[in-house]
There are 2 protein chains.
Amino acid sequence: MSLPHAILTALLEKPSSGLELTRRFDKSIGYFWSATHQQIYRELGRLEREGAIRALPSQGATRGQKKEYEVLPAGRAELARWTAEPQDPKPLRDTLLLRLRAAAVVGAEGIQEELRRHLDLHRRQLAEYEEIERRDFPPEKDAVEDRLRHVVLRAGIDLETFWTRWLTRAIEELGETAGAG
Amino acid sequence: MSLPHAILTALLEKPSSGLELTRRFDKSIGYFWSATHQQIYRELGRLEREGAIRALPSQGATRGQKKEYEVLPAGRAELARWTAEPQDPKPLRDTLLLRLRAAAVVGAEGIQEELRRHLDLHRRQLAEYEEIERRDFPPEKDAVEDRLRHVVLRAGIDLETFWTRWLTRAIEELGETAGAG
DNA sequence: AAGCACTGTGCAACTAGTTGCATAAAGCGT
DNA sequence: ACGCTTTATGCAACTAGTTGCACAGTGCTT
């Protein structure tokens with residue numbers, strides 16, 4: 001149950017319409033909590049019904065008309081409650097690892113290219129994060145909110161670094177016994 | 001659609017009943033693809049209907065009676081196909097990161113303990129993986145299947161190492177500006 | 001003013017995963 | 001023979017996320 005909270009966070013950062021939120025979920029918040037526009041519209045409706053957010057009065061209510069939302073006190077309180085609540089990390093679920101395990105019983109044909117392809121994707125993502133860090137977090141920005149956001153970005157960077165290293169090593173090590181199965 | 005493939009892999013490693021699979025999903029394969037017994041039974045039924053697996057003939061078909069399954073050629077072929085198929089890594093979805101981001105707008109009360117708690121959990125998991133590595137992968141084991149499985153375990157170890165380091169650093173850095181928000 | 005592309009909102013149906021509970025047989029103590 | 005615990009299988013209902021598509025207004029182009 002995190003999507004509503006992701007939306008509340010995004011709306012507190014800046015009141016937005018559904019489409020604007022969708023675009024912001026394609027970067028920034030979406031880097032660690034992705035969502036499609038359908039999920040977002042559905043959730044906006046639910047949050048409005050529950051009194052957590054409301055449409056800014058200026059906007060008309062018809063289709064095809066932009067509708068901006070802002071967070072109400074009840075929504076902010078719920079977000080604060082959820083943020084401080086203990087939640088266990090959810091267990092890892094990764095198909096690439098699962099496929100390597102499967103390759104151990106049905107043969108490793110084709111896995112090598114897949115590892116290389118993933119390495120490339122993770123390198124790109126890493127470069128993107130590092131670019132954002134350079135742009136958004138110069139050393140002089142040091143308010144608490146900046147620190148929190150920076151630490152989150154740091155997680156993204158370190159995670160992609162982990163993947164690139166692990167993939168590099170895996171490719172090397174499995175390459176030594178090439179077309180085996 | 002990975003659960004059926006996880007089950008096929010587990011069954012190829014060793015024919016098992018639903019409950020045995022459930023136990024094995026609590027460790028080993030479950031470390032990177034978890035599943036509850038209900039998911040497993042449902043999927044076993046589906047795979048049997050589709051002709052990917054079959055119940056070993058010796059077992060009766062009634063409730064409360066153990067029913068062991070083995071993989072049929074069609075199942076093995078499907079697993080091999082799926083293993084070699086290109087699949088993009090799925091985007092990260094992590095509530096702790098989301099909550100840190102939320103803390104930047106609603107205040108960081110309570111987050112510090114949560115970070116410490118997670119650090120502890122990740123340290124335990126890391127220790128568990130390292131124990132398995134010591135036990136199951138002595139240097140002389142070097143067949144291809146062992147290498148593949150070892151590389152997968154290595155991913156678990158490196159991933160937990162990343163989390164412990166990142167959490168340690170985050171706690172330090174946010175601690176400097178303690179009860180802020 | 002007819003056609004078209006773009007912006008924006010939204011429903012419906014589907015797939016995957018979770019939670020809670022029901023049922024059946026076997027083993028064991030009394 | 002009775003109830004209790006353990007092993008084992010399974011259904012039903014729910015929650016979350018995905019996919020495909022429909023519909024409405026705006027503004028540009030010819």
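Values below: every heavy atom of this structure, side chains too, minus hydrogens, waters and symmetry copies. Naming convention: chains lettered A, B, ... in sequence-line order (proteins, then strands); numbering from 1 in each chain. All values derive from a computational prediction rather than experimental measurement.
Here B/Lys90 does not reach the OP1 or OP2 of D/dG17: none of its side-chain N or O atoms lies under 4.0 Å away.
By the 30° and 60° cut-offs, the orientation of the rings of A/His122 relative to A/His118 is tilted. Using the six-membered ring where Trp is involved, A/Trp82 and A/His5 have ring planes that are parallel, under 30° apart on the 30 and 60° scheme.
One atom, CZ of A/Phe25, and another, P of D/dG17, lie 11 Å apart when rounded to the nearest Å. Rounded to whole Å, atom P of C/dT9 lies 8 Å from atom OH of A/Tyr69. A straight line from CD of A/Gln39 to C1' of D/dT18 spans 7 Å, rounded to a whole angstrom. At whole-Å resolution of the value, NZ in A/Lys66 and P in C/dC6 are 18 Å apart. Look at CG on A/Asp88: it is 16 Å from C1' on C/dT18, rounded to the nearest Å. For the pair B/Arg42 CZ and C/dG17 C1', the computed distance is 7 Å after rounding to whole Å. Spacing between atom CD1 of A/Ile40 and atom C1' of C/dG8 amounts to 13 Å, rounded to whole angstrom units. Across the protein-nucleic acid pair, A/Glu68 atom CD and C/dT9 atom C1' stand 14 Å apart, rounded to whole Å.
Using modelled atom types, no side-chain atom of A/Ser28 and backbone atom of A/Arg24 make a donor-acceptor pair closer than 3.5 Å. Between the side chain of B/Glu50 and the main chain of B/Leu47, no donor-acceptor pair closer than 3.5 Å is present. In this structure, A/Trp163 contributes its side chain and A/Leu121 its backbone to no donor-acceptor pair below 3.5 Å.
For D/dG20, the base has a donor-acceptor partner in the side chain of A/Gln38 [N/O atoms by modelled type, under 3.5 angstrom].
The B/His37 side chain lies nearest to D/dT9 when the options are C/dT9, D/dG17, D/dT9. The side chain of B/Arg93 lies closest to D/dG17 when the candidates are C/dC21, D/dG17, D/dA8.
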>> Under the criterion salt bridge (charged side-chain N to carboxylate O under 4.0 Å, His left out), I'd like the reasoning laid out for B/Glu113 against B/Arg116: C-alpha separation, chi angles, the key distance, then a yes or no.
In response: CA-CA 5 Å; B/Glu113 298 104 88; B/Arg116 268 192 280 271; 5.4 Å; no
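No donor-acceptor contact under 3.5 angstrom links the side chains of B/Gln125 and B/Tyr31, judged on distance only.
Contacts with DNA chain C (heavy atom under 4.0 Å) in residues 10-23 of chain A: A/Ser17, A/Gly18, A/Leu19, A/Arg23, listed by number.
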